[in-house]
Amino acid sequence: NAGVMQNPRHLVRRRGQEARLRCSPMKGHSHVYWYRQLPEEGLKFMVYLQKENIIDESGMPKERFSAEFPKEGPSILRIQQVVRGDSAAYFCASSEEQGALGGELFFGEGSRLTVL
Amino acid sequence: AQTVTQSQPEMSVQEAETVTLSCTYDTSESNYYLFWYKQPPSRQMILVIRQEAYKQQNATENRFSVNFQKAAKSFSLKISDSQLGDTAMYFCAFPHGGATNKLIFGTGTLLAVQP
């Protein structure tokens, strides 16, 4: 049973370009979470999705960031017109159940975005 | 506001010795889980141990155990017989709202195990 798969592992973009990060949850998991880790900091929640639905996007910046989890295919975190401050590691996690009382959170290895 | 605080940015321990990492949190929830995650140089987040708040017994996983003090809102991680492979960042995490996977992470403690 493969774990949470994220790609690309490393992505370099110039200011103003778009970044797309992909996440395939563990088999059988229907809940996906995106977290961002800035250098020297802990992970910060961005968004929680189920298939075809955004459940909680309270941690997403209001502009330039969007996320989706289509019926088929991986979850996508999209950053438009990237700026240097977007440079970070972006982690995806998945769970079988929504609540911590039921489901353990499994993390991918992260995608490291560098904006030049 | 729900917060998680790790007051030790860095710690060092000799191989085979025991070390304790501190974590405090603030919440008004009565039933929740608490987690310790390990992030080695590979950067993948690995669940080390979790504690259920309604259980009085402290969780244990092999060399890892917690000291959970609910009234004090303290959740420390004890690593016994430290090994070189334990060198990593350790994050304490707490679910926002008590029963979700929307985790709030502390700022982490960098543990270095010395040979």
Side-chain angles (χ1 to χ4, degrees), chain A residues 2-10 23 25-26 29-50 54-60 67 75 88-114, chain B residues 1-10 21-25 27 29-55 59 61 75 88-111:
Chain A
V4 177
M5 304 300 292
Q6 289 188 249
N7 68 83
R9 291 293 308 280
H10 300 277
C23 169
M26 284 184 70
H29 286 192
S30 59
H31 303 266
V32 166
Y33 304 78
W34 284 93
Y35 288 81
R36 177 165 64 174
Q37 184 178 32
L38 295 171
E40 310 302 326
E41 293 187 11
L43 277 69
K44 296 283 196 298
F45 169 81
M46 297 183 75
V47 62
Y48 160 43
L49 311 103
Q50 293 181 31
I54 297 174
I55 307 302
D56 182 347
E57 57 181 348
S58 58
M60 288 277 272
S75 175
Y90 292 83
F91 287 89
C92 172
S94 73
S95 72
E96 189 175 23
E97 300 289 339
Q98 186 270 335
L101 291 176
E104 181 179 337
L105 206 57
F106 293 85
F107 281 86
E109 295 184 333
S111 292
R112 178 166 296 282
L113 172 65
T114 300
Chain B
Q2 294 173 318
T3 59
V4 178
T5 302
Q6 292 180 253
S7 57
Q8 306 152 312
E10 296 183 21
L21 310 182
S22 301
C23 173
T24 58
Y25 61 95
T27 183
E29 301 288 335
S30 59
N31 193 18
Y32 47 88
Y33 274 49
L34 290 158
F35 304 88
W36 277 98
Y37 279 87
K38 169 184 177 181
Q39 188 178 41
S42 67
R43 301 201 67 81
Q44 184 170 14
M45 296 291 286
I46 302 166
L47 179 65
V48 174
I49 198 167
R50 70 177 159 186
Q51 173 76 42
E52 301 165 38
Y54 64 89
K55 286 189 176 179
E61 288 286 343
F75 179 58
M89 281 289 286
Y90 287 82
F91 293 97
C92 177
F94 172 81
H96 181 78
T100 74
N101 282 326
K102 180 180 171 180
L103 297 179
I104 301 171
F105 285 84
T107 51
T109 297
L110 178 59
L111 176 66

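In what follows, every chain begins at residue 1, and chains take the letters A, B, ... in the order their sequences are listed.
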**Q** Examine whether an atom of A:F106 lies under 4.5 Å from a heavy atom of chain B, and if so say whether it belongs to the side chain, the backbone or both; otherwise answer neither.
**A** neither
**Q** So for A:Q37, is it side chain, backbone, both, or neither that comes closer than 4.5 Å to the heavy atoms of chain B?
**A** side chain
**Q** Using every non-hydrogen atom in the two residues, find where B:Q39 and A:F91 come nearest and quote the distance to one decimal.
**A** NE2-CZ, 3.3 Å
**Q** How long is the straight-line distance from OH of B:Y37 back to CZ of A:F107, given to the nearest 0.5 Å?
**A** 5.0 Å
**Q** Above 12 or not: heavy atoms from other molecules or residues under 6.0 Å from CE of A:M5?
**A** no
**Q** Side chain from CB out, backbone as N, CA, C, O: work out which of these in B:Q6 comes under 4.5 Å of a heavy atom of chain A, or both, or neither.
**A** neither
**Q** Give, as side chain, backbone, both or neither, the part of A:E109 having an atom under 4.5 angstrom from any heavy atom of chain B.
**A** both
**Q** Give the minimum heavy-atom separation between B:Q44 and A:G108, together with the two atoms involved.
**A** CG-O, 3.8 Å
**Q** Please round to the nearest 0.5 Å and tell me the distance separating atom NZ of B:K102 and atom CD1 of A:I55.
**A** 12.0 Å
